[in-house]
Structure formats: C-alpha cells, structure tokens
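Below: the structure, in structure tokens.
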Amino acid sequence: MNTASLARTNGQNAASTNPLLELKDIDTAYGPIQVHFGVNLHVNAGEIVCLLGGNASGKSTTMKIILGLVRPRAGAVRFDGRVINGLTTPQIVRLGIGSVPESRRIFAQMTVRENLLMGAYHRRDRHAVAEDYERMLALFPRLKERLQQRGGTLSGGEQQMLAIGRALMGRPRLICMDEPTMGLSPLYVDRVLALIQQINTQGYTIFMVEQNANLALQIAHRGYVLQNGRIVMEGQADALLNDPEIQDAYLGEGVS
Amino acid sequence: MDSLLRTFADQTINGLVIGNIYAFIAVGLALIFGVGNLINFAHGSIFMVGAYVGWVCVTWWGLPLFTAFLVTTLVCALLGVIIERFALYPLRSAPPIAPLLATIGVSFMIDQAVQIIFTPNPQAFPNPLLAYRFQVGGVTVGAIDLLIAGIGVATAAALYLFLRFTQWGWALRATAQDREAAQQMGVDVVAVNRMTFAIASALGGIAGLLVGMYFNTVYPTMSFQATLKGFAAVVLGGLGNVPGAVLGGLLLGLIESYGVAIFGATYRNLFAFVILIAVLVWRPNGIFTNQRRTAPEPLTGTFIARSRPVHIPAWAIAALTVAALALPFFAPNPYLLQILTNAWLLGMVALSVTLVTGTAGQTSLGQAGFMAIGAYASALLTQRLGWPFELSLLASALVSAVIGVLLVLPAFRLRAVYIAIATLAIGEIVNQVILNWDSLTNGAMGITNIAPPSLFGWQAIRPHEIYWFTLVLLILAALVQHRLVRSPLGRTWRALREDEVAAQAFGIDLNRYKTLVFAVAAFIAGLSGAVTGHMYSYISHETFTNTTSILVLTMVILGGMGNLLGAIVGAVALTALPELFRGLADYRYLIYGLTLLLLIRFRPQGLLGTD
Ligand SMILES: Nc1ncnc2c1ncn2[C@@H]1O[C@H](COP(=O)(O)OP(=O)(O)OP(=O)(O)O)[C@@H](O)[C@H]1O
Ligand SMILES: [Mg+2]
C-alpha cells in the first residue's frame, strides 16, 4: 500500500481524559420496537474501537444515532464534549464525523472522481481539498485508474476503497465504518483492514461495526459487544479475543 | 408525393415544437421524482399558473416578452417552494402515497383559485411573434417555433451545466441517487428538495407561458392535461431520468403530431394515455433502458397509516339506515333529496374505491371510467336495443366489470404509485374512446333522452322516488361488500395490501384476486354510473371525469380507507358540505383540495379510522 502521508493536525496524542465520542444511556426505538436499552460507550481520540454483535443486535442503528440519521429516545451523544444528538446529519458531518455506511452506498451514477469530491462537499477550503484529492489518488492507485468510471460499475472491493476514500476526503476527526469488510473477498478483507490500521496510525480515530469479531479485534484497540440492544461486554481487544464467551459466540463465524 | 413530404416535414416541426414543451414539463416531473421520489400532480397547475402569469404580464401590464419570462420563472419557482414547504415538507416521513395525494389537493386548490380570479373562460393571448413565418426549403417555420426551440436548447444546456459543474447540482444528483448517503456527505437534503421544486416549477411555468403563446390562449383546465402529458413523457423516458424525460417529451410530441395528421385532431389525447399504459406495462423503466424491473418501492400496496376503526354499534347503523329511508316523509324538500341522491350515487363509487384501494391496496384513480362504461352501456342497451331498465342495469354493471378488468389487467404487475398513474390513464382512455367512437357513443354530442330508472312499471322520476331507489341500491351494495370483506376472500385481499411478495409466497395467485377485486369494484361503480345516466337523462364524455375519480378517493380518505361506513359518510360530507354553505358553491374544489390536504396531514386515518 502506498505510504502517502495523511497526517492530521489534531492527532493521536490528545489526552484521553475526555473521550472524542461518548454515547450515554442511549435508548432507541423504531415505533413500538425498542432497539437500544441504555447503551454506553466511548471512543478516545486516536483509537480504533469496534462494536461487535450478531444480526439485528442494533449495530447499524448505533451508527445512525451517531450520525443523526435516527434520533435516540433517551440519552445523549457527545462529540468532543458537545451534545450532538438533536443536530441534523449535515451539521454533525460538519463537526468532523465521517461515515463509511453499511453496504458502501457509493453514488452509482456519479464518477469515481465525483464520488471522492462529494466526500469534501461540506468543506470550503478548496486548496486543501485539492491536496487531499491528490493524496487519495496516491493512496488508491486502482481508483486513480478509474476516475471517469461510474461508481456503480466498480467491483465490491473497489467500491469499499472508494467509500473509505470518500470519507477521508471530508478530513473527519472520527470515521464511523459500518461493516467495512462485509461481502469482500479474503484478499480485499486484508487490504481494507490494513488500510484502516494505516489511516489510524496517521491520526484518524475510527469507530467500526463488525460482525466478524476475529478480524476486527486484530486491528482494534478496544471493543464492545452488543447483544439485543445491550452492551454485554467491553474491554481491550486482546482480552476480548481471548475471552472464552466471545470465542463461543462470535469467533466461530465468518473467519476467512 | 411532394406535398405529402411537405406535410410530413411540417408535422415533424410541429411535433418537435410541442415535444419541446412536453420535455419542459417532463424534466420538472423527472427532477422531482428523482430527488423526492414523488409524483407531483400539482405540476400541471404550476404550468397553468405560468401561462396566466405570462398572460397578465403581456396583456395587462404590457411588459416585453423577456420580462414576462423572467417574472413567470420567478413566480412559479416561488410557488413551487411554497408548495414544498407547506404541503409536502410536513409529510416527509409519511408513506409515499401521502405526499402524492397532497399534490392532488394542491392542484385542486390552485386550479380553482385561478378560475375564481380569471374566470373559467379561455383568455386570448395575443402573440406578436405569430405573424412571422419563414419558408425554409418549402417548409414553413414560425418565429414562435424558433423561440420555443431556442429556449428549449438553452434551458437544457443550462440544466446540464448546473447539474455537472455546480455544488448545488452535485448535491441534487447525489440526493437523487442516494438520499441517506448524501446526508452523510453533509448535503442538506431538505434544502436540495426545495431547490428542486423551485427549478422544476420554474421550468413548468416557462412551458405554460410557451403553450399560451403557441396556441394563443390560456384557460384553467389546461393544467390537468399538462400533468398527464408530462407523466406520459416522463414514463416514456423512465421515471426520474432527466435526459430520458427530454427524449420522452420530444417523442411524445412527434407521435401526437403524426397521429393527429393520420387520425384527426380529436385523437390527440388518446395517444399519450395509450403510450403511458403501454410503457408502464412493458417497459416500466422507460424505453431508453434495458432494465425491466420497476425500481424497488418501499411500499407494497399499503396505503395510509393503519389504525383501529371507530366502533359503531350495529343498532346505530340500523337506526341511521331507517332514518335515511324515512327522511322523505319528514323532509320532503326536493333540493335536499337531490343532494343526498347524489351522495348515495357517489357513495356507491366510494364503496368501490374503498374496496380496491383500502381493502386490497391498489390505489385507483380511474374509477370514473368504470362509471362511464356502466352509464353508456345502460343508455345504449335501453335506447338502441330496447332492453328494459331492470335488465340493462344489471347487464351494464357486468359490462363495466368485464371491460374494467380487461383494461386494468395489463397493469396488474404494477404497484403503488405506478398503479395509481395507470388507473388514472385508464379513466382518461375511456373518455377519449367515448369521444372518438362516434358510431357507438354519438361522440362529443353525448346521449340524450335516456329513460328514467324504473322497476317493473314503477318509474323513479320524482326526487323522493329516485332518492329511495339509489339509497336501496347503496344499502344493497354495502351489505354485499360487507359480506365479501369479512369472508376468506376479503382476508386474501387484505393480504395483497399488506405484502404482495409475501402473499405470493403463500401461494396466492395475485392476478386472480386482483381480477376479482377490480371486477367487483367496477361492477359497483358501473351500477352507479348507469343510474346516474338514467337519472340525468343525458351523458357525455365529460360527465365522468378524473375529477370525479379523485373526489371519490378524497371521500374515501375522509371516511377512512377500507371503512365501508366511512366511505358513505365521506360521500355525504363532501357532497353536502359545499351545498350547505350556499355561498361556497363556487369554492367547491378549493374546499375539496383543502380537505384532502388537511386530512393527509392531520388525520390520515380519516374520520372513522381505516379498516
Ligand atoms: N428503519 C427501521 N424501521 C424499523 N425497524 C428497524 C429499522 N432499522 C432497523 N430496524 C430494526 O432494528 C433492529 C436493529 O437493526 P440494525 O440494523 O441496527 O441491526 P444490525 O445489528 O446492524 O444488524 P446487521 O448485522 O444485520 O446489519 C432490527 O431488528 C431491525 O429490524
Ligand atoms: Mg447493520
């Protein structure tokens, strides 16, 4: 992978006294169906934190709460100390939260170039955007070869790269990723994980949702386990990896 | 040969010019559908407002043409923003059919408002450009043709540049492709939606002004035809596909122009609707793409919010029925009885709509077409073949059921919004065929001297007689329908409404049950239409219009979707309301439109709740 610099100004070493992102006592419901029951979690600046859980445990809903696409019924979401639930999605994005949505959600009819630049839609610093764009091309040579191709015609793995590149174009302080390895070939799974680790070492904080606990915990610093809308376990990644309960519940599935 | 060629060339130019205007309308509809996933029935009204604004600018204020265009653009853009903000934005999390119905309400209100301000009469639009015509290689081209072509090309270019190279253009495209992903890029999709309405409405207004200039006249009813033509063009090009809409518009213009040259002017409107149905059925994504599947729609047939119906005890219903039957003894006021007779007749149609749309979830906007079939069948059977009324009434309802099913049959594959457009077009086709099939229907003249309803020698002529006759029919229809929806058949119909895919998975033959539900509905609507014809003694292709269909749908929503008693209550309320307040008769459609709008917003389950 290319080693172009992606250094950020406010980096890794922000003191960990105040988490960058914090979910406090979140309850969520879709109509009569409650999805979250008092969810608490936090992400410190510079970390990779993963949220594990089986199907329909409420992982994607957690992402949507953070991004303001769904409103919690109770509780608070804080970003950099500021309560953000209640803000609209564009406002939240402008505060510095980027998103790699579930199943990628590339703009299928727009070109690769346009998709990348859409990631910087909310930015007004044109020169810096142009620089970031050049960095993306260096980071993703496959995308560089396909700049005028429509997003929808890329392969699944290429689309995932594009989705990550698109999120980076926003220069977010936190990137939320919803199952970034889902549906990818083993080769691309490794690439995506390496990429996540790489951008993390360059200063990006990452909160990712994964079903595949084995893979996610290999690159994450910490993890949470969500079950039926409740956090049932949390801890350092290696501790979770070696936990027999997790072994039984999640590590059996989807190991490539 | 040479003159034939010249005619062909003339018709081609004519078709391209009209097509250019259709393209304007269609592009607006396509933009709104693409971004908001909404079929905007108010688009034609904005188009008509554009024509009037231009007309006011030119004839009242004597403004130069360029200024007139500018004012029209601004006024219509503003109107679009207002509609979006106050009628549609509050419905942003309602099921998609809700904003669609809201736009119907808005269009009723705008059309009536224009009629009140400018009278329903056509106004002459003097156009200095019409005097200038050129001969180019034996073909005549008018200055107005060039103007329309010029504006068309310039607008298309501007739109292209806007979408490709501006921040807002990108935001619009991104929102159209994936609303939620666009939000996550920081796009304010609410603002994008509003901007889209402004642009689309401005385009619609310009189209209206051009049409007014081209045909030298403006009139309020140009609105609904424009909406339908726009739908046809948009469907031809693929819903939500902007370049497709341009091509669809041009193609529709050409087809109409050649068609009129071959078959005659009265056929003009038939082409659009036949094309509309054909494309919906065979190429639901338009003729410019190979995809055959319709875009995934979040809703199946499901209509407005489910709710628990208000419980009304059986004795109360019985008491009301007896009271209604006894009314002529206590209040022999012919005027009152006449109004209620109308309510009973429309109540029957409302029953039929609540069955198809409420119980089985197939939004029908073409029910008046079935009334027309019933009315013509019975009028012709009694007049031409001398059948007794009792027999012809039943036979005509059957004819309506059979023809109705045959007409809707090709549209069975369609769902939700698509079936709504298709049934609308079917209603329109029925009237166009009536208009053009002179030898059978007497064409535009209509049928006169239809005998009054009678039963074995007893004639229903006086108001209380016809009152009883229609009331008894309504009660019978309601009883039969009540039995039907409570039977296993009714349960299957409701399964269609809840989830077609699941219903199919359970081995339900969808087509068979859709056939049945449309047959029963067309039977009841045909019955009502037949009686209406015999009561008025005169019918024409303008007796049962789309306005009736939409009015009846409003009645059904007012009473509560799928609720039998609700349908009748809705019919009585909306028939009687404008009559009660005598002064309001002129504002009738304003009231209907507002009722629809407020209902959808504040009480989508209707007065008595959905069932
Ligand atoms: N828009 C919605 N309306 C109603 N219910 C929803 C909606 N979105 C999600 N749900 C329900 O909420 C629950 C949690 O969904 P969520 O998408 O958060 O799960 P998930 O953990 O991401 O699952 P998966 O691993 O399959 O992606 C599910 O039962 C789902 O059916
Ligand atoms: Mg998920």
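Below, chain A is the first sequence line, B the second, and so on; all start at residue 1. Keep in mind that this is a model prediction, so the values were computed, not measured.
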Revision key, fill the gap. All heavy atoms of A:P90 vs all of B:G186, minimum pair found to be CB-O, 3.5 Å
Exercise for review: Determine the minimum heavy-atom distance between B:W170 and A:L117, stating which atoms define it.
Suggested key: CZ3-CB, 3.5 Å
Point to revise | When A:S99, A:A167, A:A108 are compared by non-hydrogen pairs under 4.5 Å with chain B, the top option | key: A:S99
Review point. Roughly how far apart are A:Q109 CD and B:R173 CZ, rounded to 0.5 Å?
Key: 9.5 Å
Check your understanding: Should A:M63 and B:Q184 count as side-chain neighbours, where that means a heavy-atom distance under 4.5 Å?
Key -> no
Revision key, fill the gap. Honestly, the part of B:A171 sitting under 4.5 Å from a heavy atom of chain A is both
Practice item. Drop me the distance from A:L69's CG to B:R179's CZ, to the nearest 0.5 angstrom. Key: 11.5 Å
Check your understanding: Taking A:T88, A:N115, A:T89, A:I106 one by one, which has the highest count of heavy-atom pairs under 4.5 Å against chain B?
Key -> A:T89
Review point. Between B:M185 and A:Y121, which heavy-atom pair has the shortest distance, and what is it?
Key: O-CB, 3.7 Å
Check your understanding: Just wondering, more than 12 heavy atoms not from A:R150 lying within 6.0 Å of its CZ?
Key -> no
**Study point:** Closest-packed option against chain B by number of heavy-atom pairs under 4.5 Å, given A:L67, A:I97, A:V93
**Key:** A:V93
Point to revise | Greatest number of heavy atom pairs closer than 4.5 Å to chain B - which of A:R105, A:R166, A:H122 | key: A:R105
